[in-house]
Amino acid sequence: MSSMLEQLAQLKVKALAELAALATTDETRSWYGTVLGRKGELTALLSGMMQLPKEERPAVGKLANEIKAELEAALQERQAAIALEEMTQALSAEHVDVTLPGRRPQIGAYHPTTTALREIVDILVQMGFQVYDSREVESDDMNFGLLNFPPGHPAREMQDTFFTTNPDVILRTHTSPGQIRAMREYAPEPVRLIMPGKCYRNEDVTARSEMMFYQVEGLVVGRSITFSDLKGVLLNFANQMYGEGRKIRFRKSYFPFTEPSVEMDVDCILCGAKGCRMCKYSGWLEITGAGMVHPVVLRNGGYDPAEFSGFAFGMGIERQAILKRSIDDIRYFYDNDVRFLERIA
Ligand code: DAH
């Protein structure tokens with residue numbers, strides 16, 4: 001008897017020691033099989049009970065039951081501890097720090113040309129101009145001839161044209177051909193239009209000139225339109241675009257499609273006309289070409305110059321952005337360097 005009881009006691013000590021060393025739930029399951037299962041050590045030990053004298057059996061049975069209960073309790077306890085440990089580990093591995101700030105999405109911004117274009121268009125639309133969408137691919141006649149550039153006129157050479165294999169299909173070098181298209185569409189109704197869009201010139205790309213750039217053309221045709229109307233519109237524009245109290249001045253100029261022709265300047269927004277690098281120490285910034293629509297052009301558009309008059313202007317969009325935001329190189333606009341685009345936006 002004593003040997004059976006001793007064996008049971010030893011089994012218990014050994015099993016508890018093994019249990020204490022286990023680290024995973026899986027290990028505890030196989031421990032159960034080895035120790036308490038149907039083919040386990042305890043069952044194997046008790047199978048020898050039948051050989052014991054009858055009177056010894058109850059004591060052995062009692063002890064075996066106690067040990068079984070004790071081991072089962074120990075197993076449960078160990079499994080609970082391991083489960084807790086496993087959960088703690090999983091939680092710390094999948095740790096989410098809810099106090100971390102969110103990642104800022106990279107959102108886009110308007111291109112500086114778009115910003116300038118919208119400012120200019122908004123100002124002029126608010127003055128009563130309508131937007132007219134003209135085409136970028138033009139005929140030689142629209143771009144030059146009908147605008148009173150005679151063949152072989154040196155002014156043609158000033159606008160380095162991109163030609164196609166068809167000499168009468170060119171990329172417009174300015175937005176002015178839109179004047180003819182719009183007049184032919186609306187004559188003899190009065191018009192008050194702006195025509196924004198891309199222009200192309202086959203020029204060397206430098207800090208001051210690009211092959212592709214934007215202009216906004218303005219055109220007003222009606223009865224008794226005078227230079228005063230042009231002056232009023234451009235002064236109003238300068239004040240809204242470059243700040244209240246701006247001064248403007250007109251310099252005489254030459255364009256084939258206007259007579260008289262002028263350039264309009266505003267007093268330098270950077271130095272207040274004292275003289276600085278931006279205004280090249282002149283105190284003035286050149287904003288736009290303008291003039292009264294030439295009688296020949298009015299006629300080409302379908303208006304009788306004896307009855308109608310008009311004014312026109314044409315300004316570079318990038319140039320307005322350059323002046324307003326002190327950008328020193330037009331090439332930045334279409335290099336697509338995001339550092340520039342982000343800084344300027
Ligand atoms: N088309 C001219 C150019 O690109 C700009 C211009 C000047 C437009 C005077 C006009 C104007 O309508 O009246 O250089």
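Counting starts at 1 for both ligands and their atoms, in listed order.
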Short list, please: which atoms of ligand 1 are under 4.0 Å from a heavy atom of [X]?
{"X": "Gly291", "value": "13 (O)"}
{"X": "Thr258", "value": "13 (O)"}
{"X": "Ser176", "value": "1 (N), 8 (C)"}

Legend entry - side-chain contact (heavy atoms from CB on, under 4.5 Å) evaluation trace for Tyr214 with Thr175: CA-CA 9 Å; Tyr214 282 73; Thr175 44; over 6 Å; no
Legend entry - Sub-4.5 Å side-chain heavy-atom contact between Phe163 and Asn202: no
Inset, instruction - Measure the NE2-OG distance between His95 and Ser92 for me, rounded to the nearest 0.5 Å. - result: 8.5 Å
Inset, instruction - Rounded to the nearest 0.5 Å, what's the gap from CG on Asp335 to CD on Glu210? Could you check? - result: 7.5 Å
Using heavy atoms and a 4.0 Å limit, tell me yes or no: is [X] in contact with ligand 1?
{"X": "Met292", "answer": "no"}
{"X": "Phe257", "answer": "yes"}
{"X": "Gln179", "answer": "yes"}

Legend entry - Test of ring centre spacing under 6.0 Å for Phe237 and Phe313: no
Legend entry - His174-Phe257 aromatic ring centre distance below 6.0 Å: yes
Inset, instruction - Name the option, out of Glu263, Gln215, Glu217, that contains the heavy atom nearest to atom 12 (O) of ligand 1. - result: Glu217
Legend entry - Pick from His294, Met315, Arg201: the one approaching atom 3 (C) of ligand 1 most closely through a non-hydrogen atom: Arg201
Inset, instruction - Flag Ala312 as yes when one of its N or O atoms lies below 3.5 Å from any N or O atom of ligand 1, and as no otherwise. - result: yes
Legend entry - Heteroatom distance test (His174, ligand 1): nitrogen or oxygen, under 3.5 angstrom: yes
Inset, instruction - Between Glu259 and ligand 1, find which residue part has any heavy-atom pair under 4.0 Å and reply side chain, backbone, both or neither. - result: neither
Legend entry - Cationic N near anionic O, under 4.0 Å, Arg223 to Glu307: yes
Inset, instruction - May I have the step-by-step check of side chain to side chain donor-acceptor pair (under 3.5 Å) for Asp122 and Gln126, ending in yes or no? - result: CA-CA 6 Å; Asp122 283 353; Gln126 172 265 322; over 6 Å; no
